[in-house]
Amino acid sequence: MSERRKAYPFDRFESKWQRLWDERQLFHVPNPGEAGFDSTKPKFYILDMFPYPSGAGLHVGHPEGYTATDIIARYKRMRGFNVLHPMGWDAFGLPAEQYAIKTGQHPAITTRENVAKFKSQLKRIGFSYDWTREVNTTDPRYYKWTQWIFLQIYNSWFNPETNKAEPISSYRGADPDSVRLAYVAEVPVNWCPELGTVLANEEVIDGRSEIGGHPVVKRPMRQWMLRITAYAERLINELEGLDWPQGIKLLQRNWIGRSEGAEINFQIDNHDAHITAFTTRPDTLYGGTFLVVAPEHSLVDLIVTEEQWPAVREYRERTACKSDLERADLSKEKTGVFSGAYAINPANNEKIPIWIADYVLLGYGTGAIGGVPAHDERDLEFARKFDLPLAVVVQPTGNEPAIGFTGDGIAMNSPIINGLTSAEARKKITAWLEEHGHGKRAINYKLRDWLFSRQRYWGEPFPVVWEDGQYRKHRALNENELPVVPPELEDYKPTGTGEPPLGKAKDWIRYSDKATRETNVMPQWAGSCWYYIRFCDPQNDRRFVGEEPERYWMGGENNETRMMNDEGMTKHEAGNSSFVIGHSSLPRARGGVDLYVGGTEHAVLHLLYARFWHKVLFDLGHLSKPEPFQRLVNQGIILGEDNQKMSKSRGNIVNPDEVIDEYSADAFRCYEMFMGPLEQMKPWSMRGVEGVSRFLARVWRLMMDENQAGEWELSPRIQDIASDKSQLKLVHATIKKVTEDIESLSFNTAISQMMVFVNGFTNVERIPVTAMRMLLVLLNPFAPHLTSELWEKVGAKFRVEPAEITQQPWPSHDEALLVEAEVEIVVQINGKLRARLKVATDASEETLKAAALALPKIAEAITGKEIRKVVIVPNKLVNVVTN
RNA sequence: GCCGAUGUGGCGAAAUGGCAGACGCAACGGACUUAAAAUCCGUUGGGCCGUAACAGGCCCGUGCCGGUUCGAGUCCGGCCAUCGGCACCA
């Protein structure tokens, strides 16, 4: 196999073209004001999710999305856009640090090596990135600005009046630290002993760490938090205008988890205090027969009676030991303990017992609930376990039993709201509660504030110091003190105590006589939260991004000239004619990245965090639009040949390098796209690669012959002659299909059409050079090396300007050439195909009907039957309906 | 349990409500070759009828059941299966 001759001599020219593209800086796009910037062109910002450069190198999943965006980037350039298509490295993170722990090698070295490997692999595939814009999150010139953004967040607060972030100086309250968007809290966190760090909720899956699958326990620690919850409402509402898959929007909405209801105050019997409970069903208030508070609730200490203390203490200790996994285990029975105290149900003034149970979570709502066993599954289960009373207060509208009915019905046994529908009842009782000072309308979110510190080495240090003795008062550094560079360390191991590894760098920690540095570092998400902004102006050392480049690349909302250009650009010479095809279906920019392609795994993590940061920076006037990514597309996962997820243990991993060695980079690219729809999950097939490589070889041999000496030369079949009618039709049908399919990201069918084209010219003795040129232009975004080489060969004999294929304008098709004089009409009887008919195109309905009924087969079939109706679709079919 | 996506030949897949299976893979047959590989040409959803052989014809078929329609892979309702997400969120 390995010694088999290559299907075509790609190994002789692929690296040549990659080198030439580099040398000629062909894909470098200048910023406004820079040399070579063309302001008459519209912009298009097309972005990939930048990778974490792991030691294992690229696998075939990465280049799937990258190939799709590269095709569009190349296509858009040919359509006359200024295309921003950058790549960089999300290089902070655990693996490099773990490697450092094992070997003592500094993570920066590992990172540099891995980046070099990834970069060379990407270059081998022939991606047209503007490498002058490469960024690396671990570069001090980059993370200086990550730290700067943290300072912006730290130095601002969310003003509920204006519904946006403002400088902290505009806050009039007593304690600004209590409202900062970045704040310190002693919170129960997800502590992972194995990794020696805390993790965000998003990084914990089923009570285990997402990375490594180690157990995670709850433990209170001093942590930096970002007040993302302040933006919950906007993060939901502003999803609306984005061109994202509905599923991803839904995932984010569910993650944020908005629910509307009421907070109700329950007076504690014999105490001058009350417990506030959140509920989405205030209409069931009369059914509340007990109260449950979370074990960690602050009022527990106050209300528990003498005789109940031992039981409560024991219960609290027991729940504290539980992992999240155990606590969330639904299959297990509910647990809880009576506090000894009672509260008053404000609706009916009844005394109800207060229980303590871990099915109530401290982190959601108020950490206390009113138990309504008749109309809530969990409360019902709890009530049955501990023999608490039930009260039915909602009458189901159907035949369901009232006990355990959780839907909306009619309120009953509830004097204030009897007879009302649940929706009406909710409104009325909430108004009643507000009126009597027993509660108020409230909205709650599942979304928690973002736990933003990590006890690690390989991350961005916080630009913060602690003054007045250890951990007393935090103070942000000045901008001019950035970047804060992490110290060199001998030993990167976690301390195991929760004290971050940076704590070992005694000299570094000491900031001044009375101040020490913060030793936590930022999570990996920090760098990826804004890299797409930095790409607009990556070399800027005075600002995180220049105002003009930001406005140009992220501004969106095309002005008149841009609109005109977008349309006008399609007007190019195409074969023998010019014709403008329909407008682009890729959306017009409304701000932000025009197209962002990446995996679904980032649906709620990266994409939510980045939106949050973007909005803060927008509010503070640093950015021109409120959303970072206008259009999002998720590529599907590529499975192994065995239809299983690719993994080392299954031994089904496909290495791009090997595929390229054997079949060429172009075949690799084309196969990745030919496999199926971009967004679909699909299995790899080496046979499939071979098939696509055969197609590319056919393109090669269409234009090249091998002479006696075994050298390839331009085939004498290629001649400067006109295409015949059917060839012209094929050319234009292909222009149309390929253009439309690229616009709709249907790359697989675009390739199919080009296969049809090539099949049509196989064994043709005299091939019109114009048709071949057209094929090369259309195929160029998919197979840039092959088409560049052939373009050059063809150009050597038949001169054409410009000499570089990547600078060719994209053609448009002539609809008139697609119309045949005659069309075949399908004739059906009662919807079943019975005959075919050739008629002149655009024949009238009468003509069609007459011709169809005159067909012997049809005439015969309808003899003796009544024709009830004849359906006629011009140029398509005739359907005769009989009885 | 809730939410979402998907379900079409031996396989990857195509199909503005209008000829189901384009294109590719695999398989089979043929040409070229001493032979093979490569290449080129052809056949290829299932069943039945038909013919000496072609030609030709009929029926069934897009997970299952029903509906709308002259006509449904496509639209509507209900199931089933697979995958993904969330999961005591009050």
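Remember, it's a predicted structure, so these values are computed and weren't measured experimentally. Order of the sequence lines sets the chain letters (A, B, ...), proteins ahead of strands, with each chain counted from 1.
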Checklist outcome for this item: A:L837 CG to B:C19 P, in whole Å, measures 16 Å
Next on the checklist: Any base atoms under 4.0 Å from A:S685, or only sugar-phosphate, or nothing? Heavy atoms, all strands.
Outcome noted: nothing
Checklist entry - Is A:V360 touching bases, backbone alone, or none of the nucleic acid, heavy atoms closer than 4.0 Å? => result base
Checklist entry - With a 4.0 Å cut-off on heavy atoms, is A:P245 in touch with a base, just the backbone sugar-phosphate, or nothing at all? => result nothing
Checklist entry - Taking only side-chain nitrogens and oxygens of A:N254, does any of them come within less than 4.0 Å of OP1 or OP2 of B:C2? => result no
Checklist entry - Which listed nucleotide (B:C88, B:A90, B:G18) is nearest to the side chain of A:K876? => result B:G18
Next on the checklist: Categorize A:K737 for me: base, sugar-phosphate, or nothing, with a 4.0 angstrom heavy-atom threshold over every strand shown.
Outcome noted: nothing
Item to check | Whole-angstrom distance between B:U51 and B:C58, as gauged at atom C1' | outcome: 16 Å
Next on the checklist: Counting the benzene-type ring for Trp, do A:F290 and A:F386 have ring centres under 6.0 Å apart?
Outcome noted: no
Checklist entry - Would you find more than 12 non-hydrogen atoms of other residues, nucleotides or ligands less than 6.0 Å from A:R650 atom CZ? => result yes
Item to check | Selection from B:G24, B:G57, B:A13 that lies nearest to any side-chain heavy atom of A:N759 | outcome: B:G24
Next on the checklist: Looking at B:U39, I'd like to know if its phosphate oxygens (OP1 or OP2) sit under 4.0 Å from a side-chain N or O belonging to A:N763.
Outcome noted: no
Item to check | Separation of atom NZ in A:K838 from atom C1' in B:C19, rounded to whole Å | outcome: 14 Å
Next on the checklist: Work out how far the C1' atom of B:A27 is from that of B:C80, and round it to whole angstrom.
Outcome noted: 33 Å
Checklist entry - Taking atom P in both B:G21 and B:G45, what distance in whole Å separates the two? => result 9 Å
Next on the checklist: Once rounded to the nearest 0.5 Å, what's the spacing between atom CH2 of A:W712 and atom CG of A:N707?
Outcome noted: 10.0 Å
Checklist entry - Looking at A:R701, does any N or O in its side chain come under 4.0 Å of the phosphate oxygens OP1/OP2 on B:C40? => result yes
Checklist entry - Between the side-chain atoms of A:Q828 and the base atoms of B:G18, is any donor-acceptor pair under 3.5 Å? => result yes
Checklist entry - If only side-chain N and O atoms of A:N748 are considered, is one of them under 4.0 Å from the OP1 or OP2 phosphate oxygen of B:A14? => result yes
Checklist entry - Is it true that atom CZ of A:R253 has more than 12 heavy atoms of other residues, nucleotides or ligands lying nearer than 6.0 Å? => result yes
Checklist entry - Does the side chain of A:R694 get closer than 4.0 angstrom to OP1 or OP2 of B:C40 through an N or O atom? => result no
Checklist entry - When you compare B:C75 with B:G71, how far apart are their C1' atoms, in angstrom units rounded to a whole number? => result 13 Å
Item to check | Side chain of A:V826 - closest among B:A90, B:C19, B:G24 | outcome: B:C19
Checklist entry - With respect to the side chain of A:K832, which nucleotide from B:C70, B:C19, B:C60 is positioned closest? => result B:C60
Next on the checklist: If you count heavy atoms of other groups shown closer than 6.0 angstrom to NZ of A:K849, is the number above 12?
Outcome noted: no
Item to check | Closest listed nucleotide, where the reference is the side chain of A:R687 and the choices are B:C25, B:G24, B:C19 | outcome: B:C25
Checklist entry - Looking only at heavy atoms, what is the nearest atom pair of A:L696 and A:L779, with distance? => result CD2-CD2, 4.3 Å
Checklist outcome for this item: Between CD of A:E690 and P of B:C23 the distance, given in whole Å, is 20 Å
Checklist entry - Could you state the CG-C1' distance from A:L730 to B:C23, rounded to the nearest angstrom? => result 13 Å
Next on the checklist: Between A:D358 and A:R318, does any side-chain N to carboxylate O distance fall below 4.0 Å?
Outcome noted: no
Item to check | Out of B:C88, B:G18, B:A90, whichever nucleotide has its closest atom nearest the side chain of A:K334 | outcome: B:C88
Checklist entry - If you look at every strand shown and take non-hydrogen atoms under 4.0 Å, does A:T600 touch a base, only sugar-phosphate, or nothing? => result nothing
Checklist entry - To the nearest Å, how far apart are A:M681 CE and B:C83 C1'? => result 6 Å
Next on the checklist: Apply the syn/anti split at 90° from 0 to B:G9 and say which one it is.
Outcome noted: syn
Item to check | Separation of B:C86 P from A:L251 CG (nearest whole Å) | outcome: 7 Å
Checklist entry - What does B:C2 pair with, Watson-Crick or G-U, if both distances are under 3.5 Å? => result B:G85
Checklist outcome for this item: RNA chain B nearest-nucleotide lookup for A:Q753 and A:V880: closer to the 5′ end is A:Q753
Checklist entry - B:A22 base to A:S752 side chain: any donor-acceptor pair below 3.5 Å? => result yes
Item to check | Whole-Å C1' distance, B:C54 and B:U68 | outcome: 45 Å
Checklist entry - With both distances under 3.5 angstrom, what nucleotide forms a Watson-Crick or G-U wobble pair with B:G24? => result B:C11
Item to check | Partner nucleotide of B:A38 by Watson-Crick or wobble geometry (both distances under 3.5 Å) | outcome: none
Checklist entry - Rounded to whole angstrom units, what separation is found between the CD atom of A:E740 and the P atom of B:A22? => result 21 Å
Next on the checklist: If you count heavy atoms of other groups shown closer than 6.0 angstrom to CZ of A:R441, is the number above 12?
Outcome noted: no
Next on the checklist: Students often get this wrong, so: under 4.0 angstrom with heavy atoms, is A:L250 touching a base, only sugar-phosphate, or nothing?
Outcome noted: sugar-phosphate
Checklist entry - If you look at every strand shown and take non-hydrogen atoms under 4.0 Å, does A:V871 touch a base, only sugar-phosphate, or nothing? => result base
Checklist entry - Does A:R698 place a side-chain N or O at less than 4.0 Å from the phosphate oxygens OP1/OP2 of B:G24? => result yes
Checklist entry - When we call it a touch if two heavy atoms are under 4.0 Å apart, what does A:R834 touch: a base, just sugar-phosphate, or nothing? => result sugar-phosphate
Checklist entry - For atom CZ of A:R12, is the number of surrounding heavy atoms from other residues, nucleotides or ligands below 6.0 Å larger than 12? => result no
Checklist entry - Quick one: is B:G12 close enough that its OP1 or OP2 comes under 4.0 Å of any side-chain N or O from A:K682? => result no
Item to check | Spacing of A:I829 atom CD1 relative to B:C58 atom C1', expressed in whole Å | outcome: 14 Å
Next on the checklist: It should be established whether A:T749 places a side-chain nitrogen or oxygen under 4.0 Å from OP1 or OP2 of nucleotide B:C23.
Outcome noted: no
Next on the checklist: Between A:K849 and B:C70, is there a contact of a side-chain N or O with OP1 or OP2 at under 4.0 Å?
Outcome noted: no
Checklist entry - Base, sugar-phosphate, or nothing for A:G691, non-hydrogen atoms under 4.0 angstrom? => result sugar-phosphate
Next on the checklist: Roughly how many Å apart are B:A52 and B:C59, using the C1' atom of each and rounding to a whole number?
Outcome noted: 26 Å
Checklist entry - What does B:C75 pair with, Watson-Crick or G-U, if both distances are under 3.5 Å? => result B:G67
Next on the checklist: So for atom CD, which belongs to A:E377, do other residues, nucleotides or ligands contribute more than 12 heavy atoms lying within a distance under 6.0 Å?
Outcome noted: no
Next on the checklist: Measuring from the side chain of A:M755 (C-beta onward, heavy atoms only), which nucleotide among B:C70, B:C19, B:G24 has the closest atom?
Outcome noted: B:G24
Checklist entry - Is any N or O donor-acceptor pair between the side chain of A:R836 and the base of B:C19 shorter than 3.5 Å? => result yes
Checklist entry - What interatomic distance, in whole Å, is found between C1' of B:G1 and the corresponding atom of B:A20? => result 39 Å
Next on the checklist: Give me the distance, rounded to whole Å, that separates B:U16 from B:G10 when you measure between the P atoms they each carry.
Outcome noted: 24 Å
Item to check | B:G56: pairing nucleotide in any strand, Watson-Crick or G-U under 3.5 angstrom | outcome: B:C49
Checklist entry - Where each residue is assigned the nucleotide of RNA chain B containing its nearest heavy atom, which of A:I369 and A:N830 is assigned the position nearer the 5′ end? => result A:N830
Item to check | Under 3.5 Å donor-acceptor pair, A:K446 side-chain atoms to B:C86 base atoms | outcome: no
